Amino acid sequence: MINLDIARIFDEIADILEVKGDNPFRVRAYRRAARTIETLTQDLKVIAERGGVDELKKIPGIGEGIARKIVEIVQTGDCKKHRELTRELPPGLLEMLAIPRVGPKTIAKVHDELGVSSIAELEAAAKQHKLRGISGLGAKVEENILKGIEQYRRYRGRKLLSEALPRAESILEELKKRDAVERITIAGSLRRMRETIGDIDILVVSKRPKEVMDAFTSLEGVEDVVAKGDTKSSIVLKGMDVDLRVVDAGSFGAAVHYFTGSKHHNIRIRELGVKRGLKINEYGVFRVDTGEKVGGENERDVFRCVGLAYIPPELREDRGEVEAAQENRIPELIELKDIKGDLHVHTKWSDGKNSVEEMASTAIALGYEYVAVADHSPAVGIAGGMDEAKIKKRQVEIDSVNEQFEGEIRVLSSVEVDIKSDFSLDLPDDTLKELDVVVAAVHSKFTQDKATMTKRIETAMENEHVDIIAHPTGRILGKREPYEVDMERLMEVAKDTGTIMELNSFPDRLDLNDIHCRMAKDHGVPIAISTDAHDAMQMRDVIRYGVATARRGWLEARDVVNTRGMEELLNLLKG
DNA sequence: GCCGTTTTCGGCCCGACTGTTTTCAGTCG
């Protein structure tokens, strides 16, 4: 899919225009187009070849100019405007945008006045106190830039959802103990449950904001107080930025909406407000003519005032949710309680820590109807993969556990069979056909080219015994890039062969991701939300990240196979 | 650069905090 490449080109154009001080609305137009393109579930190349500029212009945020550039990129693989702009600026300049508290204006100034064009040069200039000669920059700015560079180097990149969420929850616990805190909630990307989190946003209702600020900035583990005001403060806590905002009870709904974002979603909502003569800010919804407050206590007020159905936080990314809410098409998103079983867990029979029985009793405690033990096949030697003999032995144990827990849980016998680099599966069909569920996955040779890797997975899907493709892109967040694969093609083959795609709930996988989930839904491909748990605690703890990602992918319970009861599920499998 | 039940031109979301400023620019979300 060429979409991500095109989005990157438009983002870079926006960056360069920003540093050049170009029209900020033009910058915004490029950014909005980039965000839209990133999340499109259809290949731009296909759209461009089918309908050209006219069809591209139907996509919101894409007009004549950007549509023409997309066609140009699809046809020539290059964009003239982008090429010309990149020549105008030294390559290191844009990297500086990633430094906290350093923005386009600062970069332009230090470049124009001192010829600084990289982070290293900026650091040297600050240390030699050369920045304070520039108008608008002083000693404090030098100090903040050095701090920013240090922060950028130390905590580059974002934290996993699974790291940020528990940390935020413990901050909430701590602040709840204070009398001044009447109400407290998580907002920001964490409330939207993004897979990675840049900073933690917290919203408090209080009549005594100063006390709250004091408590917040003196929390245990605070490394730096970046800002401290009457209603807003910012700290660095154990390597994460944490922002806190205090409002009064009458503004809570407007504030939680504003503070949840995303930024792009908020812009769309406020634009709708402007058209209706309304001003929307974190304090409420106001009539522009009279200044009268018409809403703000509840989050639903904000949507109601602009004529929209309620939009759950996970959808607020300006990915079409505003249009859907206008037409009353907001999906009934899947919830944790809809999950009736886990179709991918490991046991001691390969690299898991717990026995079949222990996994079964945990599944019972979770209220599940079934759990599929999907231990590795022989090729994954490091994980103690099972050969045919071992699978037979394990079956005896599964049968006995099923007898023991009859009526409480059904343990499905399964394997996570390796899809080898020569396209073959790691176990013969005769063995696979004996199993209740077959999960197939790639575990090696991640560097095969896109066409080969796509064919490799396609071949597995075409096997009449393979029910589910596990972690279909192989990514490990922060450690391993996804392998190259034509996801749209895979979705088509999955649909044709009746193969289920896994949403692996492990917080550093979340694979399929939210956008892929939505693509699957558009193609009519069912999803299995599985944990890939290697012990019982993981089976319990990580499923919520999978469900969150599914919600971000607009999935409803009916799109997910493991919301079905045992009998219905068995009907959805190939066997 | 996009977009139109106020417009095909002239708008384009909104406010807090900081630092360098005597009234505001820059950054952030």
Side-chain angles (χ1 to χ4, degrees), chain A residues 10 13-14 17-19 21-34 36 56-70 81 96-110 131-145 147-148 187-192 197-203 209 213 225-234 241-247 251 254-255 257-286 288 302 306-307 316 318:
Chain A
F10 290 152
I13 291 178
L17 292 175
E18 218 175 3
V19 173
D22 205 305
N23 178 354
F25 299 107
R26 179 180 289 130
V27 172
R28 205 174 95 186
Y30 276 109
R31 293 227 190 274
R32 181 170 178 220
T36 303
L56 289 167
K57 278 168 70 178
K58 289 182 190 156
I59 302 168
I62 293 179
E64 186 73 27
I66 289 184
R68 285 187 183 284
K69 289 187 182 67
I70 292 172
K81 168 132 183 169
M96 288 193 267
L97 280 171
I99 303 169
R101 297 181 292 282
V102 173
K105 305 289 183 196
T106 309
I107 291 173
K109 273 186 199 168
V110 298
L131 302 183
R132 56 184 67 174
I134 304 172
S135 96
L137 307 185
K140 197 76 189 170
V141 170
E142 273 174 356
E143 196 183 312
N144 278 338
I145 284 178
K147 265 191 194 173
S189 55
L190 201 47
R191 183 159 179 252
R192 303 198 311 277
I197 303 294
D199 51 26
I200 295 173
D201 295 306
I202 296 172
L203 182 68
M213 292 308 171
V225 177
V226 180
K228 186 178 177 184
D230 293 338
T231 67
K232 186 181 168 185
S233 292
S234 242
D241 283 331
V242 187
D243 295 339
L244 180 133
R245 187 78 185 256
V246 177
V247 295
S251 299
H257 177 264
Y258 153 81
F259 220 21
T260 296
S262 68
K263 184 179 174 177
H264 296 277
H265 168 88
N266 285 355
I267 289 174
R268 296 295 308 283
I269 300 295
R270 288 174 187 167
E271 279 171 355
L272 290 180
V274 170
K275 283 183 191 147
R276 291 172 170 242
L278 299 171
K279 182 173 78 166
I280 300 171
N281 57 29
E282 58 263 57
Y283 301 108
V285 183
F286 303 88
V288 173
V302 179
V306 294
R316 299 182 199 165
D318 192 19

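Any value given below was found using the heavy atoms of this structure, including those in side chains, with hydrogens, waters and symmetry copies removed. In this text the structure is predicted, and so the values were computed from the model without any measurement. The sequence lines fix the lettering, A, B, ..., with proteins before strands; numbering per chain opens at 1.
Considering only side-chain atoms of A:D201, the nucleotide from B:dG1, B:dT18, B:dG29 that sits closest is B:dG29. Candidate nucleotides B:dG1, B:dG29, B:dG19 were compared by shortest atom distance to the side chain of A:K263, and B:dG29 ranks first.
For the side-chain hydrogen bond (donor to acceptor under 3.5 Å, both in side chains) test, residues two or more places apart in sequence or in another chain that qualify with A:R132 are A:H129, A:E142. Annotation: side-chain hydrogen bond (donor to acceptor under 3.5 Å, both in side chains) contacts of A:S234 (sequence neighbours excluded): A:D243. Here A:R101 pairs with nothing under the side-chain hydrogen bond (donor to acceptor under 3.5 Å, both in side chains) rule; sequence neighbours left out. A:H264 pairs by the ring pair (Phe, Tyr, Trp, His ring centres under 6.0 Å) definition with nothing, not counting sequence neighbours. A:T231 meets the side-chain hydrogen bond (donor to acceptor under 3.5 Å, both in side chains) test with no other residue; sequence neighbours excluded. Partners of A:K228 according to the side chain to side chain contact (heavy atoms under 4.5 Å, CB included) rule, which considers only residues two or more places apart in sequence or in another chain, are A:M213, A:D214, A:T217, A:V225, A:S233. Among residues two or more places apart in sequence or in another chain, the side chain to side chain contact (heavy atoms under 4.5 Å, CB included) test is passed with A:E143 by A:K140. For the ring pair (Phe, Tyr, Trp, His ring centres under 6.0 Å) test, residues two or more places apart in sequence or in another chain that qualify with A:Y30 are A:F10. Contacts of A:Y283 classified as side chain to side chain contact (heavy atoms under 4.5 Å, CB included), with partners at least two apart in sequence or in another chain: A:R245, A:S251, A:N281, A:F286.
Taking atom C1' on both nucleotides, B:dA16 is separated from B:dG11 by 25 Å, rounded to a whole Å. Comparing B:dG29 with B:dC13, their C1' atoms are spaced 12 Å from each other, to the whole Å. Remark: the separation of the P atoms in B:dT21 and B:dT27 is 15 Å, to the nearest Å. Here the separation of B:dT20 from B:dC28, taken at their P atoms, is 16 Å to the nearest Å. Going from the C1' atom of B:dT6 to that of B:dC12 covers 15 Å, rounded to whole Å. Distance noted for atom C1' between B:dT8 and B:dC3: 9 Å (whole Å). Here the separation of B:dT22 from B:dG26, taken at their P atoms, is 14 Å to the nearest Å.
Atoms CG (A:D243) and C1' (B:dT27) sit 12 Å apart, rounded to a whole Å. Distance A:F286 CZ to B:dC14 C1': 12 Å, rounded to the nearest Å. The interatomic distance linking A:R28 (CZ) with B:dG29 (P) rounds to 17 Å, in whole Å. Going from atom CZ of A:R316 over to atom P of B:dG29 covers 19 Å, rounded to whole Å. Regarding A:R191, its CZ atom lies at a distance of 16 Å from the C1' atom of B:dG29, rounded to whole Å. As a whole-Å value, the separation of A:D22 CG from B:dC2 P is 13 Å. Protein atom CG of A:L272 is 15 Å distant from nucleotide atom P of B:dC12, rounded to whole Å. Between the C1' atom of B:dG29 and the NE2 atom of A:H265 lies a distance of 14 Å, rounded to the nearest Å.
Note on A:V102: only backbone sugar-phosphate atoms sit closer than 4.0 angstrom, heavy atoms only; bases stay farther off. If you check every strand for non-hydrogen atoms under 4.0 Å, A:F25 touches a base. Across all strands shown, A:L17 has no heavy atoms under 4.0 Å from either base or sugar-phosphate atoms. Across all strands shown, A:A254 has no heavy atoms under 4.0 Å from either base or sugar-phosphate atoms. Nucleic acid contact class of A:I267 (heavy atoms, under 4.0 Å, all strands): base.
A sub-4.0 Å separation between OP1 or OP2 of B:dG1 and a side-chain N or O of A:R26 is present.
Heavy atoms only, all atoms of each residue included: A:D199 and A:I197 are closest at O-CG2, 3.3 Å. Between A:G148 and A:P100, the shortest heavy-atom distance links the atoms O-CD, 3.5 Å. Of all the heavy atoms in A:I269 and A:I280, the pair that sits closest is O-CD1, 3.8 Å.
Note on A:K232 versus A:E282: no salt bridge recorded, every NZ/NE/NH1/NH2 to OD/OE distance being 4.0 Å or above. Under a 4.0 Å N-O distance rule, the pair A:E271/A:R28 qualifies as a salt bridge.
A 3.5 Å limit on both hydrogen-bonding distances identifies B:dC24 as the Watson-Crick or G-U partner of B:dG19.
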Dump the pairs, protein N or O against N or O of nucleotides 3-8 of chain B, anything under 3.5 Å, distances to one decimal.
unit_1, atom_1, unit_2, atom_2, d
B:dC3, OP1, A:G61, N, 2.7

Write out a two-atom table: protein N or O, nucleotide N or O from nucleotides 15-17 of chain B, distance below 3.5 Å.
unit_1, atom_1, unit_2, atom_2, d
B:dG15, OP1, A:K279, NZ, 3.2
B:dG15, OP1, A:N281, ND2, 3.1
B:dA16, OP1, A:Y283, OH, 2.8
B:dA16, O3', A:T231, OG1, 3.2
B:dC17, OP1, A:D230, N, 3.1
B:dC17, OP1, A:T231, N, 2.9
B:dC17, OP1, A:T231, OG1, 3.2
B:dC17, OP1, A:K232, N, 2.9

Could I get a table of every N or O pair under 3.5 Å where one atom is in the protein and the other is in nucleotides 23-26 of chain B?
unit_1, atom_1, unit_2, atom_2, d
B:dG26, O3', A:T106, OG1, 3.4

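Between A:N266 and A:F259, it is A:N266 whose nearest contact on DNA chain B lies nearer the 5' terminus. Projected onto DNA chain B by closest heavy-atom contact, A:P100 and A:N23 fall at different nucleotides, the more 5' of which corresponds to A:N23.
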